[in-house]
> 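Below you'll find the structure I mean.
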Amino acid sequence: MSDLPVIIAGGGIGGLAAACGLARKGLRSIVVEQAPQLGEIGAGIQIGPNAFHCFDYLGVGDEARAVAVYIDALRLMDAQTAEDITHIPLDQPFRDFYGNPYAVVHRADLHGVLLKYAEASPLIDIRTNHVVTGYEQDGTSATLLLKDREPIKGRFLIGAEGLRSPIRAQLVGDGEPRISGHTTYRSVIPTEQMPEDLRWNAATLWAGPKCHIVHYPLKGGKVYNLVVTYHRDVQEAIAGRPVSKEEVAQGFEHIHPKARQIIEHGDNWKLWVLCDRDPISNWVDGRVALLGDAAHPMLQYFAQGACMAMEDAVALAHCADSSDDDETLLQRYQDMRRVRTARVQMNSRLIGEYIYHPDDAKAAVRNSVMKGMSPQDWYTQLNWLYGSNGIEG
């Protein structure tokens with residue numbers, strides 16, 4: 001094995017998890033991030049038991065559980081009728097079945113757990129203000145190319161720079177991401193601004209034709225995360241643009257007032273246009289590999305983007321704990337991950353269409369099928385996803 005460090009491009013959840021996983025196997029890494037300081041934008045995310053399995057593998061399970069908010073259920077509501085379609089209780093039987101909880105957490109808090117571990121590790125070197133432009137390799141090492149900085153040489157290179165990864169652009173060359181046309185608006189409000197009859201300790205989905213609304217508590221119940229999505233067929237990738245409440249409300253006239261009032265109570269809405277990519281079978285080039293959204297970006301509907309990045313990191317660390325040469329190691333990592341991540345990518349699109357946004361007969365089928373499912377049915381149905389940490393289960 002080379003004495004050179006592993007190079008990780010991207011200091012988000014996936015990149016830091018990879019560095020932490022490698023450090024636990026005794027491998028040094030250099031994490032480069034283009035931002036002037038490490039941190040996560042955005043608000044709340046949902047994390048399934050599979051993510052907590054990953055935190056446990058990385059040795060920070062207790063820290064991750066300490067920053068999470070534990071909700072009572074996943075609730076699915078009919079946005080047109082305000083009818084309760086189904087719910088999945090997340091109580092002790094759920095935890096016993098999977099061995100870990102389901103929770104919601106502020107993205108920055110989750111990132112902070114990994115960052116604290118990384119900053120304390122003598123094996124992890126974090127460097128900010130590093131803009132990636134590409135890579136080179138010579139059969140014995142990989143070199144990360146940077147804007148206005150000296151290249152960095154490592155034993156192998158992991159591209160974890162997200163949806164528009166420069167390393168993916170060179171490795172795969174598949175151009176711009178696929179723009180779904182689904183427009184998502186996000187807001188975080190104090191709990192006292194949330195309608196009293198909707199202050200449920202649940203991750204609640206109001207599903208309607210071509211639209212949905214999601215809300216759940218964060219920060220120990222002090223605030224609510226609001227997410228509103230509509231098919232506006234926008235063909236421009238937009239991220240974080242401030243918008244008016246009136247723009248958010250457009251197209252929700254057909255939604256039940258109980259759900260629609262959530263939009264009225266939101267403040268400081270920001271807009272994202274959802275993007276993903278088609279699954280690919282190869283994200284390794286010699287000593288260079290992709291991880292997280294750089295490898296398999298997915299729509300939000302399965303709430304698995306961060307979870308899959310964490311699983312990638314666990315799988316990479318698992319493969320590094322072997323006597324394989326580095327190119328074989330990266331191929332093993334890819335082979336462990338490509339079918340599972342492709343399945344989540346594809347399912348994220350499908351449940352967006354058939355669970356979140358169906359109309360008429362499709363919605364009636366959804367309601368009929370889901371109303372008949374017991375908690376045990378749900379546990380069994382989701383075991384392929386929640387029962388694994390990416391290498392086990």
Side-chain angles (χ1 to χ4, degrees), residues 4-25 27-43 45 47 51 54-55 57-60 63-64 67 105-135 142-171 239-240 283 288-297 305-317 320 333:
L4 292 170
V6 176
I7 311 301
I8 300 171
I13 289 173
L16 286 184
C20 295
L22 293 173
R24 289 184 66 80
K25 302 298 183 179
L27 274 66
R28 293 188 301 124
S29 65
I30 298 174
V31 179
V32 302
E33 166 60 40
Q34 70 173 1
Q37 60 185 31
L38 280 185
E40 275 284 350
I41 61 171
I45 56 173
I47 45 176
C54 293
F55 280 116
Y57 182 94
L58 297 174
V60 291
E63 291 82 352
V67 300
V105 66
H106 197 287
R107 183 179 288 271
D109 292 339
L110 199 64
H111 184 265
V113 167
L114 297 167
L115 181 58
K116 183 177 180 180
Y117 181 101
E119 289 180 331
S121 172
L123 296 175
I124 301 173
D125 177 4
I126 299 174
R127 304 179 185 181
T128 56
N129 272 319
H130 282 57
V131 178
V132 174
T133 60
Y135 66 86
T143 300
L144 181 66
L145 306 179
L146 300 160
K147 181 180 178 181
D148 300 327
R149 290 184 182 273
E150 289 297 312
I152 303 175
K153 179 178 287 192
R155 54 182 286 185
F156 60 85
L157 167 64
I158 300 298
E161 334 97 286
L163 181 67
R164 289 180 170 79
S165 158
I167 293 176
R168 180 186 177 115
Q170 180 175 341
L171 196 157
W283 62 69
V288 182
L290 304 176
L291 182 147
D293 281 352
H296 42 71
C307 300
M308 287 297 110
M310 294 281 299
E311 286 191 11
D312 287 351
V314 166
L316 179 67
Y333 152 72

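Values reported hereafter were calculated over all heavy atoms of this structure, with side chains retained and with hydrogens, waters and symmetry mates removed. This chain uses plain numbering: 1 for the first residue, then up along the sequence.
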> What's the verdict on side chain to side chain contact (heavy atoms under 4.5 Å, CB included) for Leu114 and Phe55, showing C-alpha distance, side-chain angles and the deciding distance?
CA-CA 9 Å; Leu114 297 167; Phe55 280 116; 4.0 Å; yes
> Output all residues satisfying side chain to side chain contact (heavy atoms under 4.5 Å, CB included) with Gln170, sequence neighbours left out; order by chain, then residue number.
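Partners of Gln170 under the side chain to side chain contact (heavy atoms under 4.5 Å, CB included) test: Tyr135.
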> Scan the side chains in residues 16-24 for donor-acceptor partners under 3.5 Å anywhere in the protein, sequence neighbours excluded, and list what turns up.
from	atom 1	to	atom 2	distance (Å)
Arg24	NE	Tyr57	O	3.4
Arg24	NE	Leu58	O	3.4

> My understanding is that only residues two or more places apart in sequence, or in another chain, count here; which of them pass side chain to side chain contact (heavy atoms under 4.5 Å, CB included) with Thr128?
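For Thr128 the side chain to side chain contact (heavy atoms under 4.5 Å, CB included) partners, ignoring immediate neighbours, are Leu38.
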> Arg149: which residues meet the salt bridge (Lys or Arg N to Asp or Glu O under 4.0 Å) condition with it, sequence neighbours left out?
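With neighbours one apart ignored, the set is empty.
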> Near Lys116 NZ, under 6.0 Å, is it more than 12 heavy atoms from other residues, nucleotides or ligands?
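For Lys116, atom NZ is not crowded (no more than 12 foreign heavy atoms under 6.0 Å).
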> How long is the span from the NZ atom in Lys153 to the CG atom in Leu144, to the nearest 0.5 Å?
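Reported value, rounded in 0.5 Å steps: 13.0 Å.
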> By side chain to side chain contact (heavy atoms under 4.5 Å, CB included), which residues pair with Glu161, not counting sequence neighbours?
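Testing Glu161 for side chain to side chain contact (heavy atoms under 4.5 Å, CB included), a comparison that skips the adjacent residues, returns Ala9, Val132, Ser165, Pro166, Ile167, Ala294.
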> I need the Tyr333 OH to Leu290 CG distance, nearest 0.5 Å.
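Here the interatomic distance stands at 7.5 Å.
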> Looking at every heavy atom in both Asp312 and His296, which two are closest together, and how far apart are they?
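Heavy atoms only, the tightest pair is OD2-NE2, 2.6 Å.
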> Can you give me the closest heavy-atom contact between Lys147 and Thr133, atom names plus distance?
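What the structure gives for the nearest pair is N-CG2, 3.7 Å.
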> Using a 4.5 Å cut-off on heavy atoms from C-beta on, say whether the side chain of Leu27 contacts that of Leu123.
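They are not in contact (no side-chain heavy atoms under 4.5 Å apart), so the answer is no.
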> Give the minimum heavy-atom separation between Gly11 and Val31, together with the two atoms involved.
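Of all heavy-atom pairs spanning Gly11 and Val31, the closest is CA-CG1, 3.9 Å.
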> Give the intermediate values and the outcome of side chain to side chain contact (heavy atoms under 4.5 Å, CB included) for residues Ile47 and Met310.
CA-CA 11 Å; Ile47 45 176; Met310 294 281 299; over 6 Å; no
> CZ of Arg28 to CD1 of Ile124: how many Å apart, nearest 0.5 Å?
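One finds 12.0 Å between CZ of Arg28 and CD1 of Ile124.
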> What heavy-atom pair brings Ala118 and Ile126 nearest, and what distance separates the two atoms?
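For Ala118 and Ile126, the tightest heavy-atom pair comes out as CB-CD1, 3.9 Å.
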> Identify the heavy atoms of His130 and Leu146 that sit nearest to each other, and give their distance.
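Heavy atoms of His130 and Leu146 come nearest at CD2-CD1, 3.6 Å.
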> Let me confirm one number: the CD1-CG distance from Ile7 to Asp125, rounded to the nearest 0.5 Å.
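It is 8.5 Å, given to the nearest 0.5 Å.
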> Which value, rounded to the nearest 0.5 Å, describes the distance between Leu291 atom CG and Leu316 atom CG?
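Leu291 CG to Leu316 CG: 6.5 Å, rounded to 0.5 Å.
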> Show me the pairs that pass salt bridge (charged side-chain N to carboxylate O under 4.0 Å, His left out) and involve residues 5-15, at least two apart or across chains.
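Of all non-adjacent pairs touching residues 5-15, none passes salt bridge (charged side-chain N to carboxylate O under 4.0 Å, His left out).
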> List the atom of Asp293, the atom of Pro297, and the distance in Å for their closest heavy-atom pair.
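Smallest heavy-atom distance, with atoms named: O-CD, 2.9 Å.
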